[in-house]
Structures are given as structure tokens and as C-alpha cells.
Amino acid sequence: MKKILLKLSGESLGKSSVDLKSLERVVGEIASTSKIVSLAIVIGGGNIWRWRDNKHLASLPRVESDFLGMVATVFNAVVLAAALRKLKIRVKVFSVVAVPIELAEKYSPVTAHKFLEKGGVIILAGGTGKPFVTTDSGAAMRAAELKCDLVVKATNVDGIFDKDPRKSGNAKLLKEVDYKTAIREKLGVMDLKAFRILAKNRIPTRIFNFKKKGLLKKAVECKNVGSLISIK
Ligand code: UDP
């Protein structure tokens, strides 16, 4: 089966913390997709904590604030795993930041890969384990380590646009763009560090709108959804 790295933002689980409706929606999409591909999921923490959303707390050092964001990803990973297990899906949470063993195993690419190969879903928490970056970089690193065929990034827009669609009414969706162009033109949606890692490791990325039902399955099947960032 193809190995897919799914990058999910924390906000796919709720606006602040986790809400049941969003959780059930996400779990349903993952359950049907996990039947056709091997799935490694990197989950963000933005529904709970992001450094950039909390800059006003000037007394809190950046490094500590970033680590709070990484811990937030563990929270999401554990909640998501429990909901998937309820549907009888074999799932294991790995974390690059230290947490009680009851919540997650210490991440090791070898152990994670073995579980993936045996048909389980893995959820990777803690991003990169380092401050000053986001879980997009974590997703790119894990995709490279686990030799994934494709990264799929679930967002709340349809894909990559030539201009910011929130600011410009005539922004055009780009169906396919190569990494060189995406990096040169600073085409948003995913952080540029992540693009550089993925380009170097020759792993394409598909960006798609998670608000639209059923698109995750289509994205992993390489159907023409959203935008593809190709390795040309
Ligand atoms: N973070 C970090 N290093 C990482 C991953 C995450 O410092 O490798 C911190 C950072 O403050 C980030 C927050 O954790 O804003 C939550 O992650 P992210 O913003 O990627 O979550 P998402 O927007 O995908 O939900």
C-alpha cells in the first residue's frame, strides 16, 4: 500500500480544544482512507496553543510558548487515537516530546515504520520537537524519515492560489506547481522550511480543502483535487 503522510491542523478538531462533531468528522474520513493506504498522521496544536496567537503574553519566553504548542499536539493526538480505536482501527501515538508512556510512545522511525507496515495508523505528536518552527516542518521530516510516497495537507482553502484568495476576488487556483516555483514565489499554505525538506527528499504534496467531505480519500488516490506541489 502507498504510504501517505497526512498533515492535519489542530483546528480540524475544533476551534478551541476539541468538539465532538469535528472529531467524528475527522475520524470518519481517516477510517475510510486507512483502508486503502498506510497512514501516518502529523497533527498540529493550533486549536489549543500557538506561539503566534499568544505573543501578547510578553512575559512568556518564545521557547516555552513553542513547547506549549508541541504539548498541545500531544493532547490532540491522544484524543484522536482514542476516537479511532473506538472504530476498531489499530493506532499508536508516538511523540518526540517527553510525555507519560500512558499517552504516547517515544518516537522512533524504526518502531513507527514497523507499526505502519503491519497496517496500523500512526499519529505523530510533538512536531519536530524543536522551537521556532511549526508542525508543517515536523510533517516534512517524518515523511522523509518514513519514506512516504506523498504528503497530503488538509487546509481550509481549496489549494494553492496565485494570489491570496482572502484578499483578491480573482485569485486563481493552481492545479499543479513545482517546489522551485512554490519556494521562489513564497506560495503560502505550508511553511517554506517544510517545502525545502520535501523537495530535497522528492516527496510531492497535495493541498486540499478539508472542509469539503470525502476529499481526503480522493487526495490520497491522486484524484484531481486541490493543488499538487510536484517534484519536477
Ligand atoms: N511548534 C513548535 N515546533 C514544532 C511544532 C510546533 O515550536 O516542531 C509550536 C509552535 O508554536 C506552533 C504550535 O506548536 O505554532 C502549534 O503547531 P502548529 O501551529 O503547527 O499547529 P496547527 O496550526 O497545524 O494546528
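Start at 1 and go down the list; that is how both ligands and their atoms are numbered.
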### Summary
Less than 4.0 Å from some atom of ligand 1, heavy atoms are found in residues Lys7, Ser9, Gly10, Gly44, Gly45, Gly46, Trp49, Arg50, Trp51, Asp66, Gly69, Met70, Gly127, Thr128, Gly129, Lys130, Pro131, Phe132, Val133, Thr134, Thr135

### Query
Thinking salt bridges, do Lys193 and Asp136 make one under a 4.0 Å N-O criterion?
no

### Task
Not counting sequence neighbours, which residues clear side chain to side chain donor-acceptor pair (under 3.5 Å) with Arg206? List them please.
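Residues passing side chain to side chain donor-acceptor pair (under 3.5 Å) with Arg206: none at all.
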
### Task
List for me each residue that meets side chain to side chain donor-acceptor pair (under 3.5 Å) alongside Lys223, sequence neighbours excluded, and say none if there are none.
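Partners of Lys223 by the side chain to side chain donor-acceptor pair (under 3.5 Å) criterion, ordered by chain and then number, come out as Glu221.
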
### Qualifying salt bridge (Lys or Arg N to Asp or Glu O under 4.0 Å) pairs, either residue in residues 59-75, two or more places apart
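Found Arg62-Asp66.
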
### Query
Is the charged tip of Arg166 near the ring of Phe161: under 6.0 Å from the six-membered ring centre and within 45° of its axis?
no

### Query
Has the side chain of Asn201 got a donor or acceptor atom that lies under 3.5 Å from a matching backbone atom of Ile203?
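Answer holds: no.
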
